[in-house]
Undergrad: 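Following this message is one structure expressed as structure tokens.
Everything quoted here is computed from the prediction, not taken from an experiment. First the proteins, then the strands, lettered A, B, ... as listed; each starts at 1.
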There are 2 protein chains.
Amino acid sequence: MAEAVGERMGVVTALVRSAFLVDAVYADSAREYGLTQQQGQLLCVLMPRSYGMGELGEVLGLAKSSLSGLVDRTAKRGLVRRETDPSDSRAVRVGLTEEGGRLAGEFYAETCRRIERLPSGLGDDERQALADLLARVVRDNEVPPVFMVLDEDQG
Amino acid sequence: MAEAVGERMGVVTALVRSAFLVDAVYADSAREYGLTQQQGQLLCVLMPRSYGMGELGEVLGLAKSSLSGLVDRTAKRGLVRRETDPSDSRAVRVGLTEEGGRLAGEFYAETCRRIERLPSGLGDDERQALADLLARVVRDNEVPPVFMVLDEDQG
DNA sequence: GATGGATGGTTCGCGGTACGAACGAGTATC
DNA sequence: GATACTCGTTCGTACCGCGAACCATCCATC
């Protein structure tokens with residue numbers, strides 16, 4: 001019943017614990033850039049383009065009211081900006097400010113470096129196998145683009 | 001630069017997104033049992049045995065003050081109990097109440113079912129390969145036993 | 001057996017997170 | 001132009017997470 005060394009870990013436990021691990025790394029990295037995990041996530045989502053609030057809520061899995069506050073706080077730090085949609089004056093488009101873009105880039109790069117270290121015990125082929133398997137899980141479950149897709153540029 | 005369909009996903013993105021996915025499933029499951037994610041995590045950690053506060057803080061990656069509050073709130077719901085350590089009257093041992101144990105069991109089982117569905121697009125051998133690779137990452141990075149280790153019993 | 005540091009936890013104040021309900025403003029439909 | 005619908009905000013509530021300050025106990029040393 002106790003955790004036996006060398007015992008085989010099930011896929012459920014492996015998924016949950018690796019998520020826990022990634023979360024911790026992500027939060028640590030964010031903290032060092034003066035961000036919360038959520039703000040970091042927001043910046044990363046906005047890196048490629050701006051989003052409407054509704055869209056953004058769906059991507060991040062947040063209720064409208066939750067997102068409103070998150071954008072408020074992040075805007076107060078000057079990292080994000082609300083722009084009115086010219087085609088619909090109710091709607092709001094949220095985009096990075098210049099400062100936000102810069103910080104997002106740095107935070108993203110640093111976080112990538114840290115996450116990349118996690119599977120350093122695996123060989124290149126194993127790492128690729130892991131990426132492929134996880135990618136299928138991610139795609140099968142239609143995970144929104146919560147983290148950028150640029151890491152194919154990074155070797 | 002945009003997300004091309006069929007493009008190969010790097011291991012970093014795959015890890016981050018799968019973590020995001022698992023988190024969402026975990027939080028959803030907790031919510032349906034009237035728990036927050038953190039309370040669910042706490043219950044799961046306590047399933048095999050009771051812990052001291054310090055120990056528990058390390059396992060969950062929380063500061064002492066954060067944990068104190070979490071235990072308070074969870075105890076107020078009758079799911080967890082503080083017991084004084086007979087060998088050290090400063091120390092506190094936190095354990096599940098009967099109700100907490102019952103709820104933990106149900107929540108754990110349901111969460112496992114849901115997480116298990118995530119890699120349903122993989123074949124048996126692929127799922128096992130994924131489990132093995134992730135297990136190595138988890139072990140290499142010394143992730144604490146934040147989720148139970150019993151899922152080898154579940155086929 | 002007194003003293004002076006470690007150690008285990010709690011409390012407090014602060015900012016952040018997340019939600020649903022209620023609301024106002026704008027758009028769309030008819 | 002009335003009605004319904006959508007977009008987003010505000011509000012109240014509960015929760016989370018931290019550091020700093022604090023208290024009680026333990027323990028090592030004298």
Undergrad: Rounded to whole angstrom units, what separation is found between the CD atom of B:Q37 and the C1' atom of C:dT17?
TA: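 So the two atoms are 12 Å apart, to the nearest Å.
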Undergrad: Between A:R49 and A:Y51, is NZ or CZ placed under 6.0 angstrom from the six-membered ring centre and within 45° of the ring axis?
TA: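 Pair A:R49/A:Y51 counts as cation-pi.
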Undergrad: Over all strands shown, is B:D88 touching base, sugar-phosphate only, or nothing at heavy-atom distances under 4.0 angstrom?
TA: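 Contact class for B:D88: sugar-phosphate only.
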Undergrad: Between A:R73 and C:dG15, is there a side-chain N or O to OP1/OP2 distance below 4.0 Å?
TA: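 Checking A:R73 against C:dG15: no side-chain N or O falls below 4.0 Å of OP1 or OP2.
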Undergrad: Using a strict threshold of under 4.0 Å (side-chain N to carboxylate O), is an ion pair present between A:R31 and A:D28?
TA: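 No, this pair does not count.
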Undergrad: Please compare A:K76 and B:V92 by the position of their nearest nucleotide in DNA chain C and report the one closer to 5'.
TA: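 That would be B:V92.
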Undergrad: Which heavy atom of B:R17 sits nearest a heavy atom of A:P144, and at what distance?
TA: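 Looking at all heavy atoms of both residues, the shortest contact is CD-O, 3.9 Å.
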Undergrad: May I ask you to evaluate whether A:R77 reaches the phosphate of C:dG16, defined as a side-chain N or O under 4.0 Å from OP1 or OP2?
TA: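 Yes, such a contact exists.
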Undergrad: B:S68 near the nucleic acid: base, sugar-phosphate alone, or nothing, with a heavy-atom cut-off under 4.0 Å?
TA: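 Base: the residue B:S68, judged by heavy atoms under 4.0 Å, touches a nucleobase.
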Undergrad: To the nearest angstrom, how far is A:Q39 atom CD from C:dG16 atom C1'?
TA: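 Answer to the nearest Å: 8 Å.
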Undergrad: Is it true that B:E110 and B:R114 have a side-chain N and a carboxylate O under 4.0 angstrom from each other?
TA: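 Looking at B:E110 and B:R114, the cut-off is met.
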Undergrad: Got a sec? Which of residues 57-67 of chain B come in under 4.0 Å of DNA chain C, heavy atoms?
TA: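 Only B:K64, B:S65 qualify.
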Undergrad: Inspect the contact between A:D132 and B:R8 and indicate whether a charged nitrogen and a carboxylate oxygen are less than 4.0 angstrom apart.
TA: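 Salt bridge flag = yes for A:D132 with B:R8.
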Undergrad: Just say parallel, tilted or perpendicular for the rings of A:Y108 and A:F147, cut-offs at 30° and 60°.
TA: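 Ring orientation of A:Y108 relative to A:F147: tilted.
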Undergrad: Go through the steps to decide whether B:F107 and B:Y26 satisfy the test ring-ring contact (aromatic ring centres under 6.0 Å, His included), and finish with yes or no.
TA: CA-CA 10 Å; B:F107 165 66; B:Y26 200 98; 5.5 Å; yes
Undergrad: In whole angstrom, what separates B:M53's CE from C:dG8's P?
TA: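 Interatomic distance, CE of B:M53 to P of C:dG8: 12 Å.
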Undergrad: Take the protein atom CZ of B:R90 and the nucleotide atom C1' of C:dG5, then report the distance between them rounded to whole Å.
TA: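 In whole Å, C:dG5 C1' lies 12 Å from B:R90 CZ.
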Undergrad: Nearest whole angstrom, please: distance from the C1' of C:dT11 to the CG of B:D72.
TA: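 It works out to 10 Å between those atoms.
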Undergrad: In whole Å, what is the span from the CG atom of A:L42 to the P atom of C:dG16?
TA: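 Distance check: A:L42 CG to C:dG16 P gives 14 Å.
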Undergrad: Measuring to OP1 and OP2 of C:dT10, would you say a side-chain N or O of B:R82 lies under 4.0 angstrom away?
TA: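 Yes, B:R82 has a side-chain N/O under 4.0 Å of OP1/OP2 on C:dT10.
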Undergrad: Name the first nucleotide and the last nucleotide along DNA chain D (5' to 3') that come under 4.0 Å of a heavy atom in chain A.
TA: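 That gives a stretch of D:dT6 to D:dC18.
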Undergrad: Donor-acceptor pair, A:S18 side chain versus A:A14 backbone, under 3.5 Å?
TA: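 Answer holds: yes.
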Undergrad: Can you tell me how far C1' of C:dT17 sits from CZ of B:R31, to the nearest Å?
TA: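 Atom CZ in B:R31 sits about 12 Å away from atom C1' in C:dT17.
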Undergrad: Is a donor from one side chain sitting under 3.5 angstrom from an acceptor on the other, for A:T97 and A:R81?
TA: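 Looking only at side-chain atoms, A:R81 and A:T97 do not form any donor-acceptor pair under 3.5 Å.
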